[in-house]
Amino acid sequence: MGIMNVVWPATALYLSVVGLWAYFRLGRHMTKEAQVSKQMKSGNSANASKQHLPWPQIAVADSHCGAGCAIADVVAEFLVFGLGLSIAGVTLWADYSLDLACAWLLGIVFQYFTIKPMLKLSVSEGILAAIKADTLSIISFQVGMYAWMAAVYFLLFPKPHLHPNEALYWFMMQIGMIAGYLTAFPMNGWLLKRGFKESMG
């Protein structure tokens, strides 16, 4: 589906060569052409059992959530830095607040453009389904990333703190996004098994 044309490059943004490998290993096999060819060869289009989801389905669902979070976090970090925002004098709290708001909004948009055409829903049904499918996934991604951001802010670089106009800051954020991907993986598996999210491919 079209939104994956954004998801895969965004995934490679923080997973680097692992994201690129995943695209060729998983993404290429999930294109419309590959699925049609596979169905023609097998003679059916049965969905995989929700009782036993293979790790590639969870990995792709996780990358879908992660891409929205990653793009939103990049935008939010620059906004906090550019506007000089802080909460109780701590920049990290402003980062947390704006990161979550942007990640949730963009994550819901990503999920909407996945779930609405897949299930042929109305606009309102698509929005509600997207919120139901991705809210817990986004929160679990942010938890992993926030834990790493706190370690960087308070332990690794307490004074002076890193800023978004430094390359090292984004290297630390890349590690944080990887941590978020890992903490969101079990949640995405659970959401798929419960039917809150639809598997892609």
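Everything numeric in this text was worked out from a predicted model, so none of it was measured.
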Assess whether side chain to side chain contact (heavy atoms under 4.5 Å, CB included) is satisfied between Val6 and Phe110, documenting all intermediate values.
-> CA-CA 9 Å; Val6 178; Phe110 271 43; 3.6 Å; yes
Tell me, with the steps shown, if Tyr146 and Tyr96 meet ring pair (Phe, Tyr, Trp, His ring centres under 6.0 Å).
-> CA-CA 7 Å; Tyr146 286 179; Tyr96 280 3; 4.0 Å; yes
Please report the C-alpha distance between Trp55 and Phe185 in whole Å, then the side-chain angles of each, then the deciding distance to 0.1 Å, and finally whether the ring pair (Phe, Tyr, Trp, His ring centres under 6.0 Å) criterion is met.
-> CA-CA 9 Å; Trp55 69 265; Phe185 194 92; 7.9 Å; no
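Note on Leu98 and Phe78: separate hydrophobic clusters, where clusters join Ile, Leu, Val, Met, Phe, Trp and Tyr whose side-chain heavy atoms are under 4.5 Å apart, directly or indirectly. Transitive grouping of hydrophobic side chains (ILVMFWY, heavy atoms separated by less than 4.5 Å) brings Val123 and Phe113 into a common cluster. A single hydrophobic cluster is seen to contain both Tyr181 and Leu100, as judged by linkage of ILVMFWY side chains at heavy-atom distances under 4.5 Å, directly or through other members. Residue Trp190 is not grouped with residue Leu192 when hydrophobic side chains (ILVMFWY) are merged at heavy-atom distances under 4.5 angstrom, including chains of intermediate members. Cluster annotation: Met173 is connected to Phe157 through the hydrophobic network of ILVMFWY side chains, with a link wherever side-chain heavy atoms come within less than 4.5 Å.
Atom NZ of Lys132 has 12 or fewer neighbouring heavy atoms from other residues, nucleotides or ligands inside a 6.0 Å radius.
Separation of the His163 and Phe81 ring centroids falls under the 6.0 Å cut-off.
With Asn188 contributing its side chain and Ala184 its backbone, the two residues share a donor-acceptor pair below 3.5 Å. Of the possible polar contacts, one joining the Trp170 side chain to the Pro164 backbone as a donor-acceptor pair under 3.5 Å is found. In terms of modelled atom types and a separation under 3.5 Å, the side chain of Gln174 and the main chain of Tyr14 share a donor-acceptor contact. The main-chain N or O of Ile138 is never found under 3.5 Å from a side-chain atom of Trp104 such that the two would form a donor-acceptor pair. Side chain of Thr183 to main chain of Ser140: a donor-acceptor pair is present (N/O by atom type, distance under 3.5 Å, no hydrogens or angles). Gln142 places no side-chain N or O within donor-acceptor distance of the main-chain N or O of Ile139, the cut-off being under 3.5 Å. Side-chain N or O atoms of Ser137 include none that pairs as donor or acceptor with a backbone N or O of Asp134 at under 3.5 Å.
With rounding to the nearest 0.5 Å, the separation of CD in Gln111 from NZ in Lys197 is 5.0 Å. In this structure, Leu162 CG and Met172 CE are separated by 7.5 Å, a value rounded to the nearest 0.5 Å.
The shortest side-chain heavy-atom distance between Leu92 and Phe154 falls under the 4.5 Å cut-off. Considering only heavy atoms from C-beta on, Asp73 comes within 4.5 Å of Met145 through its side chain.
Looking at Trp93 and Ser86, their side chains never bring a donor and an acceptor atom within 3.5 Å of each other. Side-chain N/O atoms of His64 and Thr114 include a donor and acceptor closer than 3.5 Å.
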